[in-house]
Protein chains: 2
Amino acid sequence: MARLDRAAVLNGAWAYIEIHGVDALTMRKLAASLGVNHGTLYWHVENKHALIDALADDLLAGVADDPHSNAVGMERLAELAHRLRAALLSHRDGARILAGTFVRESHTLAFGEAAIGAARSAAVPERDAVLLAFSVQYYVTGFAIEEQAAQQLEYAPKRTDIDETRFPLVKAGLDTLRNTAHDKQFDYGLRRLLRT
Amino acid sequence: MARLDRAAVLNGAWAYIEIHGVDALTMRKLAASLGVNHGTLYWHVENKHALIDALADDLLAGVADDPHSNAVGMERLAELAHRLRAALLSHRDGARILAGTFVRESHTLAFGEAAIGAARSAAVPERDAVLLAFSVQYYVTGFAIEEQAAQQLEYAPKRTDIDETRFPLVKAGLDTLRNTAHDKQFDYGLRRLLRT
DNA sequence: ACCTGAACACCGTTCAAGT
DNA sequence: ACCTGAACACCGTTCAAGT
(Lines give C-alpha, C1' and ligand atoms only; values in the text may rest on other atoms or scores of the structure.)
Protein backbone atom coordinates (compact mmCIF):
# COMPACT_ATOMS: atom_id res chain seq x y z
CA MET A 1 0.00 0.00 0.00
CA ALA A 2 1.68 3.17 -1.21
CA ARG A 3 1.65 6.00 1.25
CA LEU A 4 -1.12 8.53 0.85
CA ASP A 5 -0.52 12.08 -0.31
CA ARG A 6 -2.66 15.03 -1.23
CA ALA A 7 -2.87 14.08 -4.90
CA ALA A 8 -3.99 10.56 -4.03
CA VAL A 9 -6.74 12.00 -1.86
CA LEU A 10 -7.95 14.21 -4.72
CA ASN A 11 -7.89 11.33 -7.16
CA GLY A 12 -9.72 9.13 -4.70
CA ALA A 13 -12.35 11.84 -4.32
CA TRP A 14 -12.83 12.04 -8.09
CA ALA A 15 -13.13 8.27 -8.31
CA TYR A 16 -15.73 8.26 -5.56
CA ILE A 17 -17.67 11.12 -7.17
CA GLU A 18 -17.67 9.36 -10.53
CA ILE A 19 -19.56 6.48 -8.96
CA HIS A 20 -21.70 8.09 -6.28
CA GLY A 21 -21.83 11.83 -7.04
CA VAL A 22 -20.61 14.75 -4.91
CA ASP A 23 -23.67 14.78 -2.74
CA ALA A 24 -22.71 11.35 -1.44
CA LEU A 25 -19.07 12.26 -0.90
CA THR A 26 -18.17 11.94 2.73
CA MET A 27 -14.83 12.17 4.47
CA ARG A 28 -15.52 8.80 6.06
CA LYS A 29 -16.60 7.10 2.86
CA LEU A 30 -13.67 8.59 1.00
CA ALA A 31 -11.26 7.37 3.68
CA ALA A 32 -12.79 3.90 3.49
CA SER A 33 -12.40 3.85 -0.30
CA LEU A 34 -8.74 4.69 0.21
CA GLY A 35 -8.35 2.00 2.84
CA VAL A 36 -7.47 4.42 5.57
CA ASN A 37 -8.83 5.65 8.86
CA HIS A 38 -10.91 8.75 8.32
CA GLY A 39 -8.93 10.87 10.73
CA THR A 40 -5.98 10.43 8.41
CA LEU A 41 -7.51 12.57 5.68
CA TYR A 42 -7.08 15.64 7.82
CA TRP A 43 -3.35 15.23 7.61
CA HIS A 44 -3.50 15.73 3.85
CA VAL A 45 -6.34 18.20 3.54
CA GLU A 46 -7.47 20.95 5.88
CA ASN A 47 -11.13 19.97 5.87
CA LYS A 48 -13.94 18.95 3.55
CA HIS A 49 -14.51 22.45 2.21
CA ALA A 50 -10.86 22.80 1.26
CA LEU A 51 -11.04 19.41 -0.44
CA ILE A 52 -13.94 20.56 -2.60
CA ASP A 53 -12.16 23.81 -3.43
CA ALA A 54 -9.12 21.81 -4.49
CA LEU A 55 -11.31 19.62 -6.70
CA ALA A 56 -12.78 22.73 -8.30
CA ASP A 57 -9.41 24.12 -9.21
CA ASP A 58 -8.19 20.68 -10.24
CA LEU A 59 -10.96 20.67 -12.82
CA LEU A 60 -9.40 23.62 -14.61
CA ALA A 61 -5.88 22.23 -14.70
CA GLY A 62 -4.53 22.53 -18.21
CA VAL A 63 -7.58 24.21 -19.73
CA ALA A 64 -5.66 27.36 -20.61
CA ASP A 65 -2.50 25.42 -21.21
CA ASP A 66 -2.37 24.55 -24.89
CA PRO A 67 0.78 26.16 -26.28
CA HIS A 68 0.19 24.78 -29.74
CA SER A 69 -3.01 26.63 -30.39
CA ASN A 70 -2.58 29.30 -33.04
CA ALA A 71 -6.08 30.69 -32.82
CA VAL A 72 -6.40 34.37 -32.00
CA GLY A 73 -9.08 36.84 -30.98
CA MET A 74 -12.64 35.54 -31.06
CA GLU A 75 -11.44 32.22 -32.41
CA ARG A 76 -9.18 31.77 -29.43
CA LEU A 77 -11.94 32.77 -27.04
CA ALA A 78 -14.28 30.23 -28.62
CA GLU A 79 -11.59 27.60 -28.29
CA LEU A 80 -11.14 28.40 -24.61
CA ALA A 81 -14.89 28.23 -24.07
CA HIS A 82 -14.96 24.77 -25.62
CA ARG A 83 -12.05 23.64 -23.51
CA LEU A 84 -13.69 25.00 -20.39
CA ARG A 85 -16.92 23.17 -21.12
CA ALA A 86 -15.03 19.95 -21.82
CA ALA A 87 -13.19 20.28 -18.53
CA LEU A 88 -16.39 20.81 -16.55
CA LEU A 89 -17.95 17.79 -18.21
CA SER A 90 -14.88 15.63 -17.69
CA HIS A 91 -15.97 14.69 -14.17
CA ARG A 92 -19.39 13.94 -12.79
CA ASP A 93 -20.92 17.02 -11.11
CA GLY A 94 -17.96 19.06 -12.34
CA ALA A 95 -19.92 22.19 -13.19
CA ARG A 96 -21.70 22.24 -9.85
CA ILE A 97 -18.45 21.70 -8.01
CA LEU A 98 -16.88 24.69 -9.71
CA ALA A 99 -19.94 26.93 -9.45
CA GLY A 100 -20.52 26.17 -5.80
CA THR A 101 -17.18 27.53 -4.66
CA PHE A 102 -15.58 30.84 -5.39
CA VAL A 103 -12.16 29.62 -6.44
CA ARG A 104 -9.13 31.83 -6.82
CA GLU A 105 -6.50 29.19 -7.25
CA SER A 106 -3.88 29.13 -9.92
CA HIS A 107 -5.62 27.09 -12.61
CA THR A 108 -8.75 29.17 -12.35
CA LEU A 109 -6.74 32.36 -12.62
CA ALA A 110 -4.73 30.99 -15.53
CA PHE A 111 -7.95 30.42 -17.40
CA GLY A 112 -9.11 33.96 -16.69
CA GLU A 113 -5.77 35.31 -17.85
CA ALA A 114 -6.00 33.44 -21.14
CA ALA A 115 -9.62 34.44 -21.72
CA ILE A 116 -9.03 38.12 -21.12
CA GLY A 117 -5.92 37.95 -23.29
CA ALA A 118 -7.93 36.45 -26.13
CA ALA A 119 -10.69 39.02 -25.72
CA ARG A 120 -8.18 41.87 -25.83
CA SER A 121 -6.81 40.64 -29.14
CA ALA A 122 -10.33 40.50 -30.56
CA ALA A 123 -12.08 43.30 -32.39
CA VAL A 124 -14.08 44.59 -29.42
CA PRO A 125 -13.20 47.91 -27.81
CA GLU A 126 -10.35 46.92 -25.58
CA ARG A 127 -11.93 48.20 -22.41
CA ASP A 128 -14.79 45.72 -22.92
CA ALA A 129 -12.41 42.76 -23.11
CA VAL A 130 -12.86 41.87 -19.45
CA LEU A 131 -16.63 42.04 -19.70
CA LEU A 132 -16.59 39.80 -22.74
CA ALA A 133 -14.25 37.24 -21.19
CA PHE A 134 -16.39 37.00 -18.09
CA SER A 135 -19.63 36.84 -20.06
CA VAL A 136 -18.29 33.81 -21.86
CA GLN A 137 -17.38 32.23 -18.56
CA TYR A 138 -20.87 32.82 -17.16
CA TYR A 139 -22.47 31.31 -20.21
CA VAL A 140 -20.26 28.22 -20.19
CA THR A 141 -20.82 27.62 -16.49
CA GLY A 142 -24.58 28.02 -16.75
CA PHE A 143 -24.71 25.78 -19.77
CA ALA A 144 -22.62 23.01 -18.24
CA ILE A 145 -24.61 23.01 -15.01
CA GLU A 146 -27.85 22.44 -16.89
CA GLU A 147 -26.22 19.91 -19.14
CA GLN A 148 -25.02 17.79 -16.25
CA ALA A 149 -28.27 18.18 -14.34
CA ALA A 150 -30.13 16.87 -17.39
CA GLN A 151 -27.65 14.01 -17.74
CA GLN A 152 -28.36 13.01 -14.16
CA LEU A 153 -32.09 12.91 -14.83
CA GLU A 154 -31.60 10.50 -17.68
CA TYR A 155 -30.11 7.94 -15.35
CA ALA A 156 -32.81 8.46 -12.72
CA PRO A 157 -35.90 8.25 -14.91
CA LYS A 158 -38.35 10.17 -12.76
CA ARG A 159 -39.83 11.56 -15.96
CA THR A 160 -42.25 14.04 -14.52
CA ASP A 161 -44.08 14.84 -17.71
CA ILE A 162 -44.72 18.42 -18.61
CA ASP A 163 -48.30 19.62 -18.82
CA GLU A 164 -48.74 20.25 -22.53
CA THR A 165 -51.74 22.49 -22.23
CA ARG A 166 -50.15 24.85 -19.72
CA PHE A 167 -46.62 24.83 -21.14
CA PRO A 168 -46.84 23.95 -24.82
CA LEU A 169 -43.74 25.90 -25.84
CA VAL A 170 -41.56 24.30 -23.18
CA LYS A 171 -42.92 20.88 -24.04
CA ALA A 172 -42.20 21.28 -27.76
CA GLY A 173 -38.95 23.08 -27.03
CA LEU A 174 -37.54 20.26 -24.95
CA ASP A 175 -38.35 17.84 -27.76
CA THR A 176 -36.41 20.08 -30.13
CA LEU A 177 -33.47 20.18 -27.77
CA ARG A 178 -33.48 16.43 -27.35
CA ASN A 179 -32.93 16.18 -31.09
CA THR A 180 -30.21 18.81 -31.18
CA ALA A 181 -26.70 17.76 -30.27
CA HIS A 182 -25.44 19.46 -27.13
CA ASP A 183 -22.47 20.80 -29.06
CA LYS A 184 -24.79 22.59 -31.48
CA GLN A 185 -26.77 24.08 -28.62
CA PHE A 186 -23.59 25.22 -26.95
CA ASP A 187 -22.27 26.79 -30.13
CA TYR A 188 -25.47 28.64 -30.79
CA GLY A 189 -25.24 30.82 -27.69
CA LEU A 190 -21.48 31.05 -27.84
CA ARG A 191 -21.57 32.39 -31.40
CA ARG A 192 -24.15 35.00 -30.48
CA LEU A 193 -21.93 36.11 -27.64
CA LEU A 194 -18.78 36.28 -29.77
CA ARG A 195 -20.23 37.70 -32.96
CA THR A 196 -18.52 40.96 -33.86
CA MET B 1 -48.59 29.94 18.20
CA ALA B 2 -50.23 29.55 14.81
CA ARG B 3 -50.18 26.07 13.41
CA LEU B 4 -47.44 25.25 10.97
CA ASP B 5 -48.05 24.65 7.30
CA ARG B 6 -45.88 24.10 4.25
CA ALA B 7 -45.71 27.79 3.39
CA ALA B 8 -44.59 28.66 6.91
CA VAL B 9 -41.81 26.06 6.64
CA LEU B 10 -40.63 27.57 3.35
CA ASN B 11 -40.68 31.07 4.77
CA GLY B 12 -38.85 29.91 7.84
CA ALA B 13 -36.23 28.32 5.62
CA TRP B 14 -35.73 31.58 3.69
CA ALA B 15 -35.44 33.51 6.92
CA TYR B 16 -32.84 31.09 8.20
CA ILE B 17 -30.91 31.20 4.93
CA GLU B 18 -30.93 34.99 4.92
CA ILE B 19 -29.03 34.93 8.20
CA HIS B 20 -26.86 31.83 8.02
CA GLY B 21 -26.75 30.75 4.36
CA VAL B 22 -27.97 27.49 2.77
CA ASP B 23 -24.92 25.57 3.77
CA ALA B 24 -25.85 26.02 7.41
CA LEU B 25 -29.50 25.11 6.85
CA THR B 26 -30.38 22.04 8.83
CA MET B 27 -33.71 20.39 9.44
CA ARG B 28 -33.03 20.54 13.15
CA LYS B 29 -31.96 24.19 13.17
CA LEU B 30 -34.89 25.13 10.99
CA ALA B 31 -37.29 23.33 13.31
CA ALA B 32 -35.76 25.10 16.29
CA SER B 33 -36.15 28.46 14.57
CA LEU B 34 -39.82 27.63 14.07
CA GLY B 35 -40.21 26.56 17.67
CA VAL B 36 -41.08 23.01 16.81
CA ASN B 37 -39.71 19.50 17.24
CA HIS B 38 -37.63 18.56 14.25
CA GLY B 39 -39.61 15.43 13.49
CA THR B 40 -42.56 17.70 12.81
CA LEU B 41 -41.04 19.13 9.63
CA TYR B 42 -41.47 15.79 7.93
CA TRP B 43 -45.20 16.16 8.19
CA HIS B 44 -45.06 19.27 5.99
CA VAL B 45 -42.22 18.41 3.68
CA GLU B 46 -41.06 15.05 2.33
CA ASN B 47 -37.40 15.51 3.18
CA LYS B 48 -34.60 18.05 3.01
CA HIS B 49 -34.04 17.61 -0.72
CA ALA B 50 -37.69 18.29 -1.47
CA LEU B 51 -37.53 21.35 0.73
CA ILE B 52 -34.61 22.75 -1.30
CA ASP B 53 -36.42 21.97 -4.55
CA ALA B 54 -39.44 23.83 -3.27
CA LEU B 55 -37.26 26.81 -2.36
CA ALA B 56 -35.79 26.78 -5.86
CA ASP B 57 -39.18 26.93 -7.52
CA ASP B 58 -40.38 29.44 -4.96
CA LEU B 59 -37.61 31.73 -6.16
CA LEU B 60 -39.18 31.94 -9.61
CA ALA B 61 -42.69 32.66 -8.41
CA GLY B 62 -44.04 35.62 -10.32
CA VAL B 63 -41.00 36.19 -12.51
CA ALA B 64 -42.93 35.49 -15.70
CA ASP B 65 -46.08 36.93 -14.27
CA ASP B 66 -46.21 40.58 -15.24
CA PRO B 67 -49.38 41.08 -17.29
CA HIS B 68 -48.79 44.79 -17.71
CA SER B 69 -45.58 44.48 -19.66
CA ASN B 70 -46.00 45.57 -23.24
CA ALA B 71 -42.50 44.72 -24.38
CA VAL B 72 -42.20 42.27 -27.25
CA GLY B 73 -39.50 40.21 -28.95
CA MET B 74 -35.95 40.89 -27.83
CA GLU B 75 -37.15 43.67 -25.55
CA ARG B 76 -39.40 41.25 -23.74
CA LEU B 77 -36.64 38.67 -23.52
CA ALA B 78 -34.30 41.24 -21.99
CA GLU B 79 -37.00 42.17 -19.53
CA LEU B 80 -37.45 38.54 -18.51
CA ALA B 81 -33.70 38.15 -18.10
CA HIS B 82 -33.62 41.13 -15.77
CA ARG B 83 -36.54 39.80 -13.79
CA LEU B 84 -34.88 36.40 -13.51
CA ARG B 85 -31.66 37.91 -12.23
CA ALA B 86 -33.56 40.03 -9.72
CA ALA B 87 -35.39 36.95 -8.48
CA LEU B 88 -32.18 34.97 -8.03
CA LEU B 89 -30.64 37.85 -6.13
CA SER B 90 -33.71 38.39 -3.98
CA HIS B 91 -32.61 35.73 -1.51
CA ARG B 92 -29.19 34.86 -0.20
CA ASP B 93 -27.66 31.93 -2.12
CA GLY B 94 -30.62 32.05 -4.51
CA ALA B 95 -28.65 31.35 -7.68
CA ARG B 96 -26.86 28.39 -6.16
CA ILE B 97 -30.11 27.00 -4.81
CA LEU B 98 -31.69 27.11 -8.25
CA ALA B 99 -28.64 25.84 -10.11
CA GLY B 100 -28.06 22.96 -7.75
CA THR B 101 -31.39 21.30 -8.40
CA PHE B 102 -33.00 20.42 -11.68
CA VAL B 103 -36.41 21.90 -11.08
CA ARG B 104 -39.43 21.23 -13.21
CA GLU B 105 -42.05 22.82 -11.09
CA SER B 106 -44.71 25.23 -12.26
CA HIS B 107 -42.97 28.55 -11.73
CA THR B 108 -39.84 27.34 -13.45
CA LEU B 109 -41.85 26.10 -16.40
CA ALA B 110 -43.85 29.31 -16.54
CA PHE B 111 -40.64 31.23 -16.92
CA GLY B 112 -39.48 28.94 -19.72
CA GLU B 113 -42.81 29.35 -21.46
CA ALA B 114 -42.58 33.13 -21.35
CA ALA B 115 -38.96 33.17 -22.50
CA ILE B 116 -39.56 30.91 -25.47
CA GLY B 117 -42.66 32.90 -26.35
CA ALA B 118 -40.67 36.11 -26.35
CA ALA B 119 -37.90 34.56 -28.43
CA ARG B 120 -40.39 33.33 -31.00
CA SER B 121 -41.76 36.81 -31.45
CA ALA B 122 -38.25 38.13 -31.99
CA ALA B 123 -36.53 38.45 -35.33
CA VAL B 124 -34.52 35.23 -35.07
CA PRO B 125 -35.38 32.25 -37.26
CA GLU B 126 -38.24 30.74 -35.32
CA ARG B 127 -36.65 27.34 -34.99
CA ASP B 128 -33.81 28.95 -33.03
CA ALA B 129 -36.17 30.50 -30.50
CA VAL B 130 -35.72 27.67 -28.01
CA LEU B 131 -31.95 27.83 -28.28
CA LEU B 132 -31.99 31.56 -27.71
CA ALA B 133 -34.33 31.39 -24.73
CA PHE B 134 -32.20 28.75 -23.06
CA SER B 135 -28.95 30.57 -23.84
CA VAL B 136 -30.29 33.58 -22.01
CA GLN B 137 -31.20 31.40 -19.05
CA TYR B 138 -27.70 29.90 -18.92
CA TYR B 139 -26.11 33.30 -19.02
CA VAL B 140 -28.32 34.72 -16.28
CA THR B 141 -27.76 31.74 -14.02
CA GLY B 142 -24.00 31.76 -14.48
CA PHE B 143 -23.87 35.49 -13.92
CA ALA B 144 -25.96 35.43 -10.75
CA ILE B 145 -23.95 32.58 -9.25
CA GLU B 146 -20.72 34.51 -9.61
CA GLU B 147 -22.36 37.68 -8.44
CA GLN B 148 -23.56 36.12 -5.21
CA ALA B 149 -20.30 34.26 -4.66
CA ALA B 150 -18.45 37.56 -4.94
CA GLN B 151 -20.94 39.21 -2.56
CA GLN B 152 -20.22 36.51 0.00
CA LEU B 153 -16.49 37.17 -0.22
CA GLU B 154 -17.02 40.81 0.59
CA TYR B 155 -18.51 39.89 3.93
CA ALA B 156 -15.81 37.34 4.69
CA PRO B 157 -12.72 39.38 3.88
CA LYS B 158 -10.28 36.60 3.17
CA ARG B 159 -8.77 38.79 0.47
CA THR B 160 -6.36 36.36 -1.07
CA ASP B 161 -4.55 38.81 -3.27
CA ILE B 162 -3.90 37.91 -6.86
CA ASP B 163 -0.32 37.53 -8.00
CA GLU B 164 0.11 40.54 -10.29
CA THR B 165 3.13 39.21 -12.12
CA ARG B 166 1.56 35.90 -13.04
CA PHE B 167 -1.98 37.14 -13.71
CA PRO B 168 -1.76 40.81 -14.66
CA LEU B 169 -4.85 40.80 -16.85
CA VAL B 170 -7.04 39.20 -14.20
CA LYS B 171 -5.70 41.56 -11.58
CA ALA B 172 -6.39 44.65 -13.68
CA GLY B 173 -9.65 43.17 -14.92
CA LEU B 174 -11.06 42.65 -11.45
CA ASP B 175 -10.27 46.25 -10.64
CA THR B 176 -12.17 47.31 -13.73
CA LEU B 177 -15.12 45.17 -12.70
CA ARG B 178 -15.12 46.58 -9.20
CA ASN B 179 -15.67 49.98 -10.71
CA THR B 180 -18.38 48.86 -13.09
CA ALA B 181 -21.90 48.53 -11.73
CA HIS B 182 -23.15 44.96 -11.77
CA ASP B 183 -26.12 46.03 -13.86
CA LYS B 184 -23.82 47.33 -16.57
CA GLN B 185 -21.82 44.11 -16.55
CA PHE B 186 -24.98 42.11 -16.79
CA ASP B 187 -26.33 44.18 -19.66
CA TYR B 188 -23.12 43.89 -21.60
CA GLY B 189 -23.33 40.14 -22.10
CA LEU B 190 -27.10 40.16 -22.36
CA ARG B 191 -27.02 42.67 -25.21
CA ARG B 192 -24.43 40.65 -27.07
CA LEU B 193 -26.65 37.62 -26.72
CA LEU B 194 -29.80 39.42 -27.88
CA ARG B 195 -28.34 41.57 -30.62
CA THR B 196 -30.10 40.85 -33.92
C1' DA C 1 6.07 12.32 8.98
C1' DC C 2 2.09 9.76 8.75
C1' DC C 3 -1.61 6.90 10.67
C1' DT C 4 -4.99 4.74 14.30
C1' DG C 5 -8.66 4.83 17.74
C1' DA C 6 -11.65 6.94 20.22
C1' DA C 7 -14.25 10.74 21.42
C1' DC C 8 -17.39 14.97 20.68
C1' DA C 9 -21.00 17.48 18.87
C1' DC C 10 -23.61 17.25 15.45
C1' DC C 11 -26.71 15.41 11.20
C1' DG C 12 -31.42 13.36 8.35
C1' DT C 13 -35.11 10.29 8.81
C1' DT C 14 -38.55 7.25 10.97
C1' DC C 15 -42.20 6.14 13.94
C1' DA C 16 -44.75 4.94 18.01
C1' DA C 17 -47.37 7.59 20.94
C1' DG C 18 -49.84 11.54 22.31
C1' DT C 19 -53.60 15.43 21.50
C1' DA D 1 -54.61 16.26 11.37
C1' DC D 2 -50.63 17.68 13.53
C1' DC D 3 -46.93 17.30 16.96
C1' DT D 4 -43.55 15.10 20.56
C1' DG D 5 -39.86 12.05 22.08
C1' DA D 6 -36.87 8.86 21.37
C1' DA D 7 -34.29 6.05 18.55
C1' DC D 8 -31.12 4.73 14.49
C1' DA D 9 -27.52 5.18 11.41
C1' DC D 10 -24.92 8.33 10.07
C1' DC D 11 -21.82 12.92 9.73
C1' DG D 12 -17.11 16.39 10.19
C1' DT D 13 -13.42 17.41 13.12
C1' DT D 14 -9.97 16.91 16.81
C1' DC D 15 -6.31 14.78 19.16
C1' DA D 16 -3.78 11.74 22.09
C1' DA D 17 -1.17 7.89 21.13
C1' DG D 18 1.30 4.86 18.26
C1' DT D 19 5.07 3.76 14.43
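Lettering of chains follows the sequences in order, A, B, ..., and the numbering in each one begins at 1.
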[X] [atom1] - [N] [atom2] separation (whole Å):
| X | N | atom1 | atom2 | answer |
| --- | --- | --- | --- | --- |
| B:His44 | D:dC3 | NE2 | C1' | 8 Å |
| B:Leu41 | C:dG12 | CG | P | 10 Å |
| B:Leu30 | C:dT13 | CG | P | 12 Å |
| B:Leu51 | C:dG12 | CG | P | 10 Å |
| A:Asp23 | D:dC11 | CG | P | 13 Å |
| A:Lys48 | D:dT14 | NZ | P | 15 Å |
| A:Trp43 | D:dG12 | CH2 | C1' | 19 Å |
| A:Ile52 | D:dG12 | CD1 | C1' | 12 Å |

I want to verify a distance call: between [options], whose nearest atom is closest to the [X] side chain?
| X | options | result |
| --- | --- | --- |
| B:Val36 | D:dT4, D:dA1, C:dC3 | D:dT4 |
| A:Thr26 | C:dC2, D:dG12, C:dT13 | D:dG12 |
| A:Tyr42 | C:dT13, D:dT13, C:dC3 | D:dT13 |
| B:Leu4 | C:dC3, D:dG12, D:dC3 | D:dC3 |

Distance-minimising heavy-atom pair for B:Arg92 and B:His20: NH2-C, 3.5 Å
Would you give me the side-chain donor-acceptor pairs under 3.5 Å for residues 22-31 of chain B, sequence neighbours excluded?
from: B:Asp23; atom 1: OD1; to: B:Arg96; atom 2: NH2; distance (Å): 2.7
from: B:Asp23; atom 1: OD2; to: B:Arg96; atom 2: NH2; distance (Å): 2.9

Sub-4.5 Å side-chain heavy-atom contact between [X] and [Y]:
| X | Y | answer |
| --- | --- | --- |
| A:His107 | A:Leu59 | no |
| B:Leu169 | A:Arg120 | yes |
| A:Lys184 | A:Tyr188 | no |

Given DNA chain D, 5'-ward residue of the pair A:Glu46 and A:Lys29, judged by closest heavy atom: A:Lys29
Pairwise N/O distances under 3.5 Å, protein to nucleotides 5-9 of chain D:
from: D:dG5; atom 1: N7; to: B:Asn37; atom 2: OD1; distance (Å): 3.4
from: D:dG5; atom 1: N7; to: B:Asn37; atom 2: ND2; distance (Å): 3.1

With no hydrogens and no angle check, do the side chains of A:His82 and A:Asp183 hold a donor and an acceptor under 3.5 Å apart? no
Axial cation check for B:Phe186 ring with B:Arg85, 6.0 Å and 45° limits: yes
On DNA chain C, nearest-nucleotide positions of A:Asp5 versus B:Asn47: which is more 5'? A:Asp5
Tell which nucleotide pairs with C:dG5, taking only Watson-Crick or G-U wobble pairs whose two distances are both under 3.5 angstrom. D:dC15
Let's test this: given Watson-Crick or G-U wobble pairing with both distances under 3.5 Å, identify the partner of D:dC10. none
